Enquirer: 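Can you keep this structure in mind? I'll have questions shortly.
As the structure is a computational prediction, the values presented were derived from the model and not from experiment.
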Amino acid sequence: MHMRKHTGEKPYECIKCNKKFSQVGNLQTHLQTHMKEKPHKCTECHKKFHQKGNLRTHLRTHAGDKPYECTECRKKFGQVGILRAHLRTHTGDKPYECTECRKKFGQVGILRAHLRTHTGDKPYECTECRKKFGQVGNLRAHLRTHTGDKPYECTECRKKFGQVGNLRAHLRTHTGDKPYECTECHKKFRHTGEKPYKCTECHKKFSYEGSLRTHLRTHTGKFSPEGDLSKYLRSHTEQKPFKCTECYKTFSDAGTLRTHLWKHLRTTNGKSYECPDCSKKFSQMGNLQTHLRTHTGDKPYECPDCPKKFSQVGNLQTHLRTHTGDKPYECPDCPKKFSQVGNLQTHLRTHTGDKPYECSDCSMKFSQIENFANASPNAHGRQAIRMPRLPQEV
């Protein structure tokens, strides 16, 4: 009998499900799972079990007894099987392998959930809308869209979320963390930019399932709360009824206003990010980190074609166009193209006749600061005044 542990021989087969066992006692225990009768009942919650051993294990959930301790991190568990699975997080052992793609897992339950990605099986159904899911965790997260429950709260601004992933993404707006890096230009982002949710009507893509659901109402004409319809109608009228009391900027919906208000609140609550060298303040940590390079001289972004380095990734991207010849900014009045938006803005003055630079001595005006600087020093003073841009009449 012991040798079967080494040979893997399992001569005892269940007549119900064809599962095999190395010992007849294990087969007899297993057969009880097919029996409808569950004779062992918990006196606390009245849950029933096929085996007395399972009842004993269950009773620890009421007593809080956790007799099995991990020797690595001293974490305790109520079941020896859960301890074994936990130990694999330390050893890295992954004994359960998918027969389809050979991916390995440390727990058999995770393997079972993974196998559904191949079979398409979705055994967990929402009782509200009958939508089905392959994993029970995804069903739980989905149910919150019906209940409105948001158990995950941001410790910085107290905003709540229905999914822990959304909370993690939100926290980056406070920390300035940008974990996703472009392999081409090394620019970093807070989100992957991936949009896996696609509208079947117009093929527009969305990052979040909730955003897709909201969008679908524009095709069906069905809006659940009255507020959704009002918000949608404002996308046609460009009405912005929500006004910031600090700077009087207006917004089309209350959620965008709330996000904007935190920019003011971070400053008034002393949560702004201040430069230790010049005391300049920033609303986001990422902006402060970029600013600090003006003091340290750090230039982490290097051109792959020449040894030139830059402190900001945007400056590197602009520089790269000197190598590629790319000119993405096109003049709307003539076919001329430019590699930098600033050069396009300067060029546009040749069409508009705008001359924003005025000599303080003779009031002569120039379209470019360089033209003023190149003028004869005998004819003009050396101080240029940038004229304010007056609002155009409608």
Enquirer: Looking at Lys159 and Glu153, does any basic side-chain N land under 4.0 Å from a carboxylate oxygen?
Expert: no

Enquirer: Could you go step by step and tell me if Ser339 and Thr318 meet the side chain to side chain contact (heavy atoms under 4.5 Å, CB included) rule?
Expert: CA-CA 7 Å; Ser339 61; Thr318 300; 5.8 Å; no

Enquirer: Which is it for Lys20 and Cys14 under the side chain to side chain contact (heavy atoms under 4.5 Å, CB included) test, yes or no, and what are the steps along the way?
Expert: CA-CA 6 Å; Lys20 294 182 178 181; Cys14 174; over 6 Å; no

Enquirer: Which distance, rounded to the nearest 0.5 Å, do you find between the CZ of Arg56 and the CG of Leu59?
Expert: 9.5 Å

Enquirer: Report the distance from atom NZ of Lys308 to atom CG of Leu316, rounding to the nearest 0.5 Å.
Expert: 10.5 Å

Enquirer: Are Lys160 and Pro151 side-chain neighbours, meaning at least one heavy-atom pair lies under 4.5 Å?
Expert: no

Enquirer: What is the minimum heavy-atom distance between Cys98 and Leu115, and which atoms define it?
Expert: SG-CD2, 3.9 Å

Enquirer: Can you find a heavy atom in the side chain of Arg144 that is under 4.5 Å from one in the side chain of Tyr152?
Expert: yes

Enquirer: Under the side chain to side chain contact (heavy atoms under 4.5 Å, CB included) criterion, do Lys309 and Tyr301 qualify, and how do the steps go?
Expert: CA-CA 6 Å; Lys309 295 182 179 182; Tyr301 304 104; over 6 Å; no

Enquirer: Side-chain contact, heavy-atom cut-off 4.5 Å: Asn166 with His170?
Expert: no

Enquirer: One pair to check against side chain to side chain contact (heavy atoms under 4.5 Å, CB included): Thr250 and Cys244. What are the steps and the verdict?
Expert: CA-CA 6 Å; Thr250 55; Cys244 173; over 6 Å; no

Enquirer: Looking only at non-hydrogen atoms, find the nearest pair between Leu348 and Pro332 and report the distance.
Expert: CD2-CD, 3.8 Å

Enquirer: Check Lys299, His319, Gln317 against Phe310 for a side-chain contact (heavy atoms from CB on, under 4.5 Å) and give me the one that passes.
Expert: His319

Enquirer: When rounded to the nearest 0.5 angstrom, what is the spacing between CD1 in Ile82 and NZ in Lys66?
Expert: 9.0 Å

Enquirer: Within the side chain of Thr117, is there an N or O that forms a donor-acceptor pair under 3.5 Å with the backbone of Ala113?
Expert: no

Enquirer: Tell me if a side-chain donor or acceptor on Arg321 pairs with a main-chain N or O of Asp326 at a distance below 3.5 Å.
Expert: no

Enquirer: Nearest heavy-atom pair of His58 and Thr61: which atoms, and what distance?
Expert: O-OG1, 2.5 Å

Enquirer: Atom NZ in Lys280, atom CG in Asp277: separation rounded to 0.5 Å?
Expert: 13.0 Å

Enquirer: CD/Glu13 to CZ/Phe21 distance, rounded to the nearest 0.5 angstrom?
Expert: 10.0 Å

Enquirer: Rounded to the nearest 0.5 Å, what's the gap from OG1 on Thr91 to CZ on Arg84? Could you check?
Expert: 13.5 Å

Enquirer: Heavy-atom distance under 4.5 Å between the side chains of Cys334 and His351, does that happen here?
Expert: yes

